[in-house]
Amino acid sequence: MSELETVAELAKRRGFFFQTAESYGGVGGFFTYGPQGSALKRNVEDRWRDRFVTRAGNMEVSAPDVMPEPVFEASGHLDGFDDMIVECPECDASHRADHLVEDNSEYEDAEALGIERVADLLGELDIACPDCCTPLAGESVEEFNLMFGTDIGPGSSQPGYLRPETAQGIFTEFPRLKEYARGQLPFGVAQIGDAYRNEIAPRRGLIRVRAFTQAELEQFIDPAEDEPDIESVADVELPLYSATAQEGDGKQETYTVREAVEEGVIESEWIAYYLGLARDWYDAIGIDMDRFRYRQHKAGERAHYAADCWDAETELDGEWVEVTGFAYRSDYDLTNHAEATGDTFTVFKQYDEPKTVERPSVDPDMATLGPEFGGQAGAVADALDALAAAGPDAFDGETVAVEVDGESVEVDADVANFEVETVTEAGEHITPHVVEPSFGIGRLFYSVLVHSYETDEVDGEERTYLSLPAELAPTFACVVPLVSNEPAIVEQAERAREQLREAGLAVAYDESGAIGRRYRRQDEIGTPVCVTVDHETIEKEPTSVTVRDRDTTAQARIPVEELQECLLALRAGTDFADLLERDTVTPL
RNA sequence: GUGCCGUUGGUCCAGUGGUAGGACAUUAGCUUCCCAAGCUAAUAGCCCGGGUUCAAUUCCCGGACGGCACACCA
């Protein structure tokens, strides 16, 4: 079995994740997180929240999964998600029709031409199937929209879609969110939630699915002056696989964040900052740093609005899998939502010193324009207003010419009431730029599982365990009575279990089977410690139990009254070896 | 979407035109034991629909799901 198969088998057997609705034959691309997986996933999310929300001083929101159609018209997903597919009549291969047109012509964005034009171009440009060279002229071009559609309310009058990324739920609420930030840039808004894509071909377990959890941070900045706290991550070492390297010798290189910025390997300081911050976070949640890299998008791979884009990738079964995208989205989204809604997606930026500027303006005499132009009067006034800003010289003559609905219209200059006002401007409205780290929680979850999967040998028997970080483990401790037919031992074990649960620890209890078997069960789901109540516990004073370390299987005897505190320390990151240094703790 | 291969207890597999067997796991008991021990017993399965047949888990067709390749992955 491959590494992924082995872990998927364990995941199914031990309740990490499994395919949804298998009783009904299963459904492609959907997975359910079981008892252990649900806890592990939640812990990954909590760690993310701790690092990228709480400790970063960012806000968090939770938007609905369904949004009305116009939101996705503005965001570009309605068009952008419509893949144009053409099928070869000879070999049945599917190809992106727009890509074929782009490859065979000067068009750079064939998708914008529309489906019929693209279909025509297949003929006009004599495009043939790249696989078997059969001409594709006359073949129909089909659309595949990767968004899940639905209807909001009864009937189909208000179409909606399941969000293909959580980000739009943040952008759409920007006018309100900036109020909560008191209009001050920079600020960050995060969201952890599910996103949906109706993938043509779901693949490889949790890696390509149709419903998945994203943790996204939208960092809103003033591009002119906001800078990240790059010093705080300057010495973090980044394994970078740059676009240049990908096209050249194919080698990744390690740079500190400082070097990467100074040498221009990473263009945006904000991106560099987040790559640094995130690297240590990946390390902390158990991603193997020898199987991790940051890969820069190549020029053709980048979205047209992105200045620079890097992916965090983990290696699973010999293949690199994108677990996070770090994109500089500029003002693309906010500008589009502003245009679509007319709402204010800008912040007011005060100047250090108010500026005095001369502003040309008009105050058209509507009593004259009204009778003269009738219904067009308003448009004429607007045109004059626009002209005042664009070409104030036009008002120097006796009359002013403006264009309304394609016709040239003449107006007496005095009717326009042109004047140049001297006004004091305290600041300006700017559209923030957005830096977006977008984490795929499911893929990270999978990577953590695969990278923490270990086997070793204990007393001649092979052992499987998950070396999960203590704070991530779905079950933190398991309490086991050494034997189950001595009431005093069982009672003491039950007391220990309750004591630890009251401390807020996720504690399992197991009195079934031989002791070694019970340890192995816990090893396999990555439980960091097992607490064993034995004969000595009930026979000797002070009352003590043994605590077993998952990774080394080492054991130590600890007084019961210190148990709670010791385990809390272990969960907070104390090494088992450090615990052994304590006077009251006896290594076995 | 296309092609190839596959789908049998919870898991991993074997097998058959006359409805199935192993290993591991699970549960109960004995054993009272510090690393998957042993013994006894129990629970539990042929992906779905149609066809051929006296009889289909097995053969044929279709579907669903999975793996791989191609394509796709804003």
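Values below: every heavy atom of this structure, side chains too, minus hydrogens, waters and symmetry copies. Proteins come first, then strands; the chains are lettered A, B, ... in the order of their sequence lines, and each starts at number 1. Everything numeric in this text was worked out from a predicted model, so none of it was measured.
- The aromatic ring centres of A:Y328 and A:H433 sit less than 6.0 Å apart.
- Ring centroid separation for the pair A:F174 and A:F220 comes in under the 6.0 Å cut-off.
- Atom CZ of A:R518 and atom P of B:A25 are 15 Å apart (whole Å).
- For the OP1/OP2 pair of B:U26 and a distance below 4.0 Å, the side-chain nitrogens and oxygens of A:S512 include no atom meeting the criterion.
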Practice problem: Evaluate the salt bridge (Lys or Arg N to Asp or Glu O under 4.0 Å) criterion for residues A:D523 and A:R548: first the C-alpha distance (whole Å), next the side-chain angles of each, then the deciding distance (0.1 Å), finally the verdict. | Solution: CA-CA 11 Å; A:D523 289 338; A:R548 170 187 179 272; 2.9 Å; yes
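- Contacts of residues 450-466 of chain A with RNA chain B (heavy atom under 4.0 Å): A:V458, A:D459, A:E461, A:E462.
- When distances run from any side-chain atom of A:R13 to the nucleotides B:A37, B:G66, B:U11, the shortest one goes to B:U11.
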Quiz prompt | side-chain contact (heavy atoms from CB on, under 4.5 Å) between A:Y519 and A:V480, worked out | solution = CA-CA 9 Å; A:Y519 289 152; A:V480 297; 4.1 Å; yes
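- With both ends at atom C1', the span from B:A71 to B:G3 equals 12 Å, rounded to whole Å.
- Mapping A:E9 and A:D510 onto RNA chain B by nearest heavy atom places A:E9 closer to the 5' end of the strand.
- Across all strands shown, A:V480 has no heavy atoms under 4.0 Å from either base or sugar-phosphate atoms.
- Rounded to whole Å, atom C1' of B:A25 lies 8 Å from atom CZ of A:R14.
- Taking atom NE2 on A:H535 and atom P on B:C33, their separation rounds to 5 Å, with Å as the unit.
- Each of A:E5 and A:E524 has a nearest nucleotide on RNA chain B; the 5'-most of these lies closest to A:E524.
- Across B:A56 and B:G18, the matching C1' atoms stand 10 Å from one another, rounded to whole Å.
- Checked by distance alone, A:Y519 brings a side-chain donor or acceptor within 3.5 Å of a matching partner on the base of B:C34.
- Rounded to whole Å, atom P of B:C34 lies 12 Å from atom CD of A:E486.
- For A:F445 and A:Y33, the ring centers are positioned less than 6.0 Å apart.
- For A:K12, counting side-chain heavy atoms from C-beta on, the closest listed nucleotide (B:C65, B:U32, B:U11) is B:U11.
- Spacing of P atoms, B:C12 relative to B:C47, comes out at 14 Å, to the nearest Å.
- Counting any heavy atom pair closer than 4.0 Å across all strands shown, A:I515 reaches sugar-phosphate atoms only and no base atom.
- The same atom, P, is picked in B:C4 and in B:U16; the two are 25 Å apart, to the nearest Å.
- Taking the P atoms as reference points, B:U7 lies 15 Å from B:U57, given to the whole Å.
- Side-chain atoms of A:T20 and A:T32 form a donor-acceptor pair, as typed in the model, at a separation below 3.5 Å.
- Counting any heavy atom pair closer than 4.0 Å across all strands shown, A:D534 reaches a base atom.
- Between the side chains of A:Y282 and A:T324, at least one donor-acceptor pair of N or O atoms lies under 3.5 Å.
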Practice problem: Any chance you could encode RNA chain B as dot-bracket? Rule is Watson-Crick or G-U wobble with both distances under 3.5 Å; [ ] for pairs crossing earlier ones, | for another strand. | Solution: (((((((..((((....[..)))).(((((.......)))))....(((((..]....))))))))))))....
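- A donor-acceptor contact closer than 3.5 angstrom links the side chains of A:T166 and A:E216.
- Here the C1' atom of nucleotide B:C39 and the CZ atom of A:R517 are 14 Å apart, to the nearest Å.
- On the P atoms, B:C39 is 12 Å away from B:A25, given to the nearest whole Å.
- Between A:Y294 and A:F326, the distance from one ring center to the other falls under 6.0 angstrom.
- In this structure, the salt bridge (charged side-chain N to carboxylate O under 4.0 Å, His left out) partners of A:E313, at least two apart in sequence or on a different chain, are A:R293, A:R295.
- Rounded to the nearest Å, the gap between the P atom of B:C13 and that of B:G67 is 14 Å.
- Backbone-only engagement by A:G205 is indicated by non-hydrogen atom pairs under 4.0 Å involving sugar-phosphate atoms exclusively.
- Between the CZ atom of A:R548 and the C1' atom of B:C33 there is a distance of 16 Å, rounded to whole Å.
- Checked against the 6.0 Å centroid threshold, A:F345 and A:F171 do not count as a close aromatic pair.
- Atom CG of A:L4 and atom C1' of B:C12 are 17 Å apart (whole Å).
- Rounded to whole Å, the distance from CZ on A:R521 to P on B:A36 is 12 Å.
- Remark: A:Q555 is not in phosphate contact with B:C35, judged by side-chain N or O atoms under 4.0 Å from OP1 or OP2.
- Taking the P atoms as reference points, B:A37 lies 43 Å from B:C60, given to the whole Å.
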